[in-house]
Amino acid sequence: MSKILMPPITKDSWNISLLSPQTKALCVLFVAIIIWGGNWPVMKAGLNHITPFWFSMMRFALGGAALFAFQFITKSLYIPTKKDLPLILSIGLIQMMAFTVLGSIAMTQVDAGRSAILAYTTTLWVLPLSVAFFRETLAAKQWLGVILGLAGVITLFNPFSFDWSNSSLLMANGLLLIAAFCWSLCIIHLRHSKSSATAYQLAPWQMLTATVPLVFLAYWIEGPFTGDGSADFWAICLYLGPLATAFCFCAVNGASRKLSGTFVSTSMLGVPVTGLLFSNFFLSEALTIPLIAGALLICSGIFFVIISAKK
């Protein structure tokens, strides 16, 4: 009886190092999208235990501490150079501190799902900046993907049903749009930065840059530390710090160096989709027909952008 010969299985058969840098960036970005989708209902729950500025400070203090400890143990701690300072300051103060504080303040008035939608409208700002100032060219399918994604956001936002007479709610939604603009500036900066350091190397220093001023701002605006010290409070902080902050900021910023700014910002529209689903499941926020329609449009937009970027 003849033997059936099988090809030998070697470590190269499954070695992840065979993946291209762009494929690795896509995989990491996908995981970050899922984690950040869960981030929004967790943040909403956390604001029942602590005020916005102190909450933001705890997030970056724990995230930065986790990264500093890991890099020290693995002997991979990086000492920044002068070239790294612009990126440390912009990401630390604008993307991390400003984006998170604005989002936390807004979420005291706005549902978690809706907050995720408005905060991730970065494509609205990245697209004109990339095309007008950096001459980034877009393929037809990329344009179609961006248009579908934006149509999905508008559908989810549903401005015709918005209570324009509620000044507090209007201000909260405005803060979320400003937060989106802050992040878009950092996406553009990452793509055109002269720093040779990786997102992993700079992340703890960026989180430290966000933490220090937040300590003073929180004490000045909100008074002494407001966390209630409960088990739920610490569980929420651990999710938001080491996982949703330390890992996700590194993942997305790293992906921004391998993929176009327009692609990353459009792909991040997947966060409000998962945020809506998690908010509906865990917080019982309503999942209406406009929300479902918007989610489908966003997923379609992401699909076209990914296919176009792959080609």
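Just so you know, residue 1 is the first one in the sequence shown, and it goes up from there.
The shortest side-chain heavy-atom distance between I88 and P80 falls under the 4.5 Å cut-off. Taking the side chain as every heavy atom from C-beta outward, I236 and F55 approach each other to under 4.5 Å. Looking only at side-chain heavy atoms (C-beta outward), P52 and T108 come within less than 4.5 Å of each other. Two residues are said to be in side-chain contact when any heavy atoms from C-beta on lie closer than 4.5 Å; P224 and Y219 meet this criterion. Under the 4.5 Å side-chain criterion, counting only non-hydrogen atoms from C-beta, Q71 is in contact with P204. Using a 4.5 Å cut-off on side-chain heavy atoms (C-beta onward), T245 and W36 make no contact. Between F181 and L177 there is no side-chain heavy-atom pair separated by less than 4.5 Å.
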Please determine whether side chain to side chain contact (heavy atoms under 4.5 Å, CB included) holds for the pair F282 and V42, giving the CA-CA distance in whole Å, both sets of side-chain angles, and the decisive distance to 0.1 Å. CA-CA 9 Å; F282 293 106; V42 171; over 6 Å; no
| request: Report the C-alpha distance between W220 and W54 in whole Å, list the side-chain angles of each, state the deciding distance to 0.1 Å, and finish with yes or no for ring-ring contact (aromatic ring centres under 6.0 Å, His included). | output: CA-CA 11 Å; W220 178 49; W54 282 116; over 10 Å; no
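Interatomic distance, OG of S115 versus CH2 of W40, reported as 6.0 Å (0.5 Å rounding). Atom OG1 of T100 sits about 6.5 Å away from atom CE of M43, to the nearest 0.5 Å. Here the OG-CD distance, from S184 to Q95, works out to 10.5 Å after rounding to the nearest 0.5 Å. Atom OG of S56 and atom CD1 of I105 lie 7.5 Å apart (nearest 0.5 Å). Put simply, NE2 on H189 and CD1 on I94 are 9.0 Å apart, with the number rounded to the nearest 0.5 Å. The line from CZ of R59 to CG of N39 is 4.5 Å long, rounded to the nearest 0.5 Å.
In this structure, E285 contributes its side chain and A112 its backbone to a donor-acceptor pair below 3.5 Å. Judged purely by atom type and a 3.5 angstrom limit, T51 has no side-chain atom pairing as donor or acceptor with the backbone of E222. Checking side-chain atoms of N173 against main-chain N and O of L169 turns up a donor-acceptor pair under 3.5 Å. A donor-acceptor pair is defined here as one N or O able to donate and one able to accept, closer than 3.5 Å; such a pair exists between the side chain of K44 and the backbone of V110. The main-chain N or O of A286 is never found under 3.5 Å from a side-chain atom of N280 such that the two would form a donor-acceptor pair. Of the possible polar contacts, one joining the T274 side chain to the V271 backbone as a donor-acceptor pair under 3.5 Å is found.
Under the 4.5 Å side-chain contact rule for hydrophobic residues, L87 and L89 share a cluster. Transitive grouping of hydrophobic side chains (ILVMFWY, heavy atoms separated by less than 4.5 Å) keeps M57 and L238 in distinct clusters. No continuous path of ILVMFWY side-chain contacts below 4.5 Å connects I147 to V273, so the two sit in separate hydrophobic clusters. Linking Ile, Leu, Val, Met, Phe, Trp and Tyr whenever their side-chain heavy atoms come within less than 4.5 Å puts I221 and V215 in one cluster. Hydrophobic clustering, with ILVMFWY side chains joined whenever heavy atoms are under 4.5 angstrom apart, keeps L283 apart from I34.
The neighbour count for F68 CZ, taken as heavy atoms of other residues, nucleotides or ligands under 6.0 Å away, is above 12. In this structure, F225 places its CZ atom where more than 12 heavy-atom neighbours from other residues, nucleotides or ligands lie under 6.0 Å away.
H49 and F233 have tilted rings, their planes meeting at an angle from 30° to 60° on a 0 to 90° scale.
The shortest heavy-atom contact between A66 and P242 is CB-CB, 4.0 Å. Minimum heavy-atom separation, A180 to L118: CB-O, 3.7 Å. A pairwise comparison of heavy atoms in S104 and L47 identifies O-CD1, 3.5 Å as the closest pair. The two atoms that bring A251 and V28 nearest to each other are CB-CG1, 3.1 Å, heavy atoms only. Annotation for A106 and L176: closest pair CB-CG, 3.5 Å, computed over non-hydrogen atoms. The shortest heavy-atom contact between G275 and P41 is O-CD, 4.4 Å.
Looking at D228 and S230, their side chains do bring a donor and an acceptor atom within 3.5 Å of each other. In summary, the side chains of D84 and Y78 do present a donor paired with an acceptor at a separation below 3.5 Å, with no hydrogens or angles considered. Residues S76 and Y200 have side chains that bring a donor and an acceptor to within less than 3.5 angstrom of each other.
Tested against T209, the residues L202, L214, L93 include a single side chain to side chain contact (heavy atoms under 4.5 Å, CB included) partner, L93.
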